[in-house]
Amino acid sequence: MARTELKRINDYTWEIPKRGKMRVPGRIYADAQLIKKIEADNAVDQVANVACLPGIVGYSLAMPDAHWGYGFPIGGVAATDPDNDGVISPGGVGYDINCGVRLMTTALDYQGVRDRIRDIVTGLYRDIPCGVGSSGAIPKLSTKDMKRVLSDGASCVVEQGYGNQEDLAHTEEHGRLNGADPDVVSERAKSRGEEQLGTLGSGNHFLEVGVVDRIENAEIARAYGLREGQVTLMIHSGSRGLGYQVCDDSLQTMVRAAARYGIDLPDRQLCCAPVKSQAGRDYLAAMAAAANYAWANRQVMMHLARISLEGTLGASAEALDIRLVYDVCHNIAKFEIHEVEGQRRRLCVHRKGATRAFPGNREEVPEAYRRVGQPVLVPGDMGTGSWVCAGTDEAMTETFGSACHGAGRVKSRTSARKGEDAAALLRELEQQGIFVMARSKKTVTEESPSAYKDIDAVTAVLDTAGISRRVARIRPVGVVKG
Amino acid sequence: MLDYKVQAQRGIMNYRFLEHTADARVECTGATFAELLEAAALALYAVAFRRMEDRSEDRRLISIAAEKPEDVLVRWLQELIYLMEAEHFAVTRFRFMHADANRVEAEVQGYRYRAEDREDEVKAATYHGMKVEQQETGWRAEAIFDL
């Protein structure tokens, strides 16, 4: 496809007019600076490619953190209508199925524990396995246990003592996506997952100790249990090797299915099948199983983090009061009711590096947040900060209830490494009050703050466009990287 | 077939990395399709390992049939990624009984690596950006590894 031209709709919305095989126009949410960065790689063409998927409705969307992905752009959102030949595309979910973020509050004040941050991070680094191929957080899963994790998600591990009912209430989908079928998950995928439950992994996954340093919306912050100066914990991880293998397995089937259904693809990574086809149903059942694994994974890590902090600080669970604000997934496809052209329709919403951002009037939102909307967690780089936002009504009309999932990379891993010295970077971060422990020095430089877009600018677009409201900013003080 | 270390020493590794915002994009070449597969494997290991040993204590058979050369290459890399991530098995020697754009039969030899020798986790080799072409001098491919 030739270089795609953008039409400016307003200060933060850009349109890719429908042309060629595009079935709908594309829309990108970005300010004048961010759009230049998005245009600098292949993300715009990828938004246009996604617009060619059968059954897509509304727009092919990209969030302000968008960048070049594979098939879909990272930060891409697309809704298809199953009743009108709409497809499911594994590329619109990604390899790390249900990669997501969970944010926890504590009863700790930063001022009271600032001298213990190093100990806290050292404890977390010791107690939660991280790094390439990390394993061994809990005993290897038996065949029966694996089946239960894939069917029941986070509730299965909570029943075994890794957390409580409130954790489940504050997890998207209560930590269990319906329709999971462990029997369609390959033995290969299961074998990759059997030793990895409760492990962080590597790359951009992290565990972060933060402090709430700014409240922008006091009412919503209160509802989320956030207050200035409070210590928080954030976990970013997904379905590990099991999810990667589920995606890989499905692509082979989907390439053949796309050919069988005569679907013309601009990029083979967009391979897909009608939602209602056997190939489509099988993928969705395997994807749901992998999503459940991811929720169980983050739940186990949260439990390990609770135990770790109790041990490090010699404090009781009651005294630390570690509560889950919310757990969001940002690589997923889900069935949701949306209004399109005045009609309520059940759509298959793909979010590839994008977070659901529902307002409080949706039944999917936890009871505790019905007045204020769903927490939207937008982590930034390890040197800058993260934002907690809230879902809005506008998100429902603009973006199928979606917002961005992070700052978004702006530099390649190679260029991020150039001129960066891991030891110097770690020293620099420490001078800023951020203590980092990482398995790989290479990861430290690849994940340097300069590799990412400005999280404040990215979330300002969400706020201005109305697709999420900024609530609180969290500054990192301790980071564990794989 | 030349093993990984010998290739490195002779400076004839037939791959180079290209720019990509988030992942690893690589160009591979080979006089024959088998050499192309070997170059792609070495590129994968260059991303995944900080060091490799010259050991071949165990062997695996890899068998692939596909309609397009791009599919053959994706499947080849998927097999090696699975061996690496699930069995902690790294290949140091490749013996191709058959290797063309539609079918591969190979016996690979290698060893169980130590966790500390790993560098990046490679989630997959993607269909996106996968190109395989036959040129006058042999084969050329581009691949993207999702990291």
Side-chain angles (χ1 to χ4, degrees), chain A residues 37 40-43 46 49 67-72 74 91 94-96 131-135 188-189 191-194 201-205 240-241 243-245 247-249 251-252 254-256 259 265 267-271 353 408-415 439-440 442-443 446 451 482, chain B residues 16-26 46-50 64-90 112-132 142-147:
Chain A
K37 293 184 171 118
D41 66 16
N42 287 337
Q46 292 190 316
N49 287 346
H67 63 80
W68 185 6
Y70 40 90
F72 270 59
I74 309 301
Y95 287 95
D96 195 356
V132 178
S134 42
S135 61
R188 280 191 164 196
S191 75
R192 284 179 75 170
E194 63 192 8
S202 62
N204 63 359
H205 293 164
R240 313 284 289 110
Y244 314 158
Q245 190 68 45
C247 181
D248 235 355
D249 293 340
L251 290 172
Q252 292 178 37
M254 287 294 187
V255 163
R256 286 195 297 272
L265 298 167
D267 180 340
R268 296 184 84 208
Q269 192 76 25
L270 292 174
C271 58
R409 281 195 86 91
V410 68
K411 271 190 196 173
S412 71
R413 289 169 197 266
T414 322
S415 54
R439 292 264 172 230
S440 158
K442 186 165 164 272
T443 302
E446 286 176 355
Chain B
R16 69 186 180 104
F17 288 98
L18 309 171
E19 275 297 298
H20 189 281
T21 312
D23 298 313
R25 183 166 158 237
V26 66
V47 174
F49 288 93
R50 64 182 64 156
I64 296 164
E67 278 180 26
K68 297 183 177 180
E70 288 83 3
D71 293 351
V72 172
L73 188 52
V74 167
R75 294 268 305 278
W76 167 250
L77 290 166
Q78 283 172 345
E79 290 297 318
L80 296 178
I81 291 168
Y82 176 75
L83 290 175
M84 181 167 75
E85 300 294 352
E87 299 186 14
H88 308 289
F89 185 81
R112 195 176 161 87
Y113 63 79
R114 297 180 307 166
E116 55 269 35
D117 289 345
R118 283 297 302 273
E119 186 71 85
D120 282 328
E121 190 163 57
V122 181
K123 290 177 189 158
T126 69
Y127 283 92
H128 171 66
M130 177 62 77
K131 290 179 201 161
V132 180
E142 278 181 33
I144 294 175
F145 298 120
D146 181 31
L147 303 181

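Note: hydrogens, waters and symmetry copies are ignored here, and every other heavy atom, side chains too, is used. Letters go in sequence order (proteins before strands), and every chain restarts at 1.
Side-chain contact between A/Gln252 and B/Val74 is absent, with no heavy-atom pair separated by less than 4.5 Å. Within the 4.5 Å cutoff, the side chain of A/Tyr70 has no heavy atoms near those of the B/Ile144 side chain. Considering only heavy atoms from C-beta on, B/Leu147 stays 4.5 Å or farther from A/Glu446 through its side chain. B/Glu70 places a side-chain heavy atom less than 4.5 Å from the side chain of A/Arg268. Looking at A/Ser202 and B/Arg118, their side chains never come closer than 4.5 Å, going by heavy atoms from C-beta outward. A heavy-atom distance below 4.5 Å is found between the side chains of B/Tyr127 and A/Val255.
Taken to the nearest 0.5 Å, the CD atom of B/Glu119 stands 7.0 Å off from the OG1 atom of A/Thr443. A distance of 9.5 Å separates CG in A/Asp248 from CD in B/Glu79, rounded to the nearest 0.5 Å.
Nearest heavy atom pair, residue A/Ser440 against residue B/Arg50, reads CB-NH2, 3.9 Å. In terms of heavy atoms, A/Tyr95 sits closest to B/Ala125 at OH-O, 3.5 Å. Nearest heavy-atom pair, A/Val132 versus B/Asp120, reported as atom, atom and distance to 0.1 Å: CG2-C, 3.8 Å.
Proximity to chain A (any heavy atom under 4.5 Å) is shown, for B/Ala48, by neither the backbone nor the side chain. For A/Ser191, the part lying near chain B is the side chain, with the backbone staying farther off; criterion is any non-hydrogen pair under 4.5 Å. If you measure heavy-atom distances from A/Asp267 to chain B, the contacts under 4.5 Å come from the side chain alone. Interface remark: B/Asp146 contributes side-chain atoms only to the contact with chain A (heavy atom separation under 4.5 Å).
Applying the salt bridge (Lys or Arg N to Asp or Glu O under 4.0 Å) criterion to B/Arg114, with sequence neighbours excluded, gives B/Glu53, B/Glu116, B/Asp117.
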Q: Please assess B/Arg25 against A/Trp68 for the test side chain to side chain contact (heavy atoms under 4.5 Å, CB included), listing each intermediate value before the final yes or no.
A: CA-CA 12 Å; B/Arg25 183 166 158 237; A/Trp68 185 6; 4.0 Å; yes
Q. Checking side chain to side chain contact (heavy atoms under 4.5 Å, CB included) for the pair B/Glu121/A/His205: CA distance, chi angles, key distance, verdict?
A. CA-CA 11 Å; B/Glu121 190 163 57; A/His205 293 164; 5.6 Å; no
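Most heavy-atom pairs under 4.5 Å with chain A, from the set B/His88, B/Met84, B/Lys68: that is B/Lys68. Here A/Arg188 is the residue among A/Gln46, A/Arg188, A/Lys442, A/Arg439 with the most heavy-atom pairs under 4.5 Å with chain B. For the set B/Arg75, B/Glu67, B/Met130, the count of heavy-atom pairs under 4.5 angstrom toward chain A peaks at B/Arg75.
Checked against B/Glu85 for a side-chain contact (heavy atoms from CB on, under 4.5 Å), the options A/Gln245, A/Arg240, A/Arg192 give a single hit: A/Arg192.
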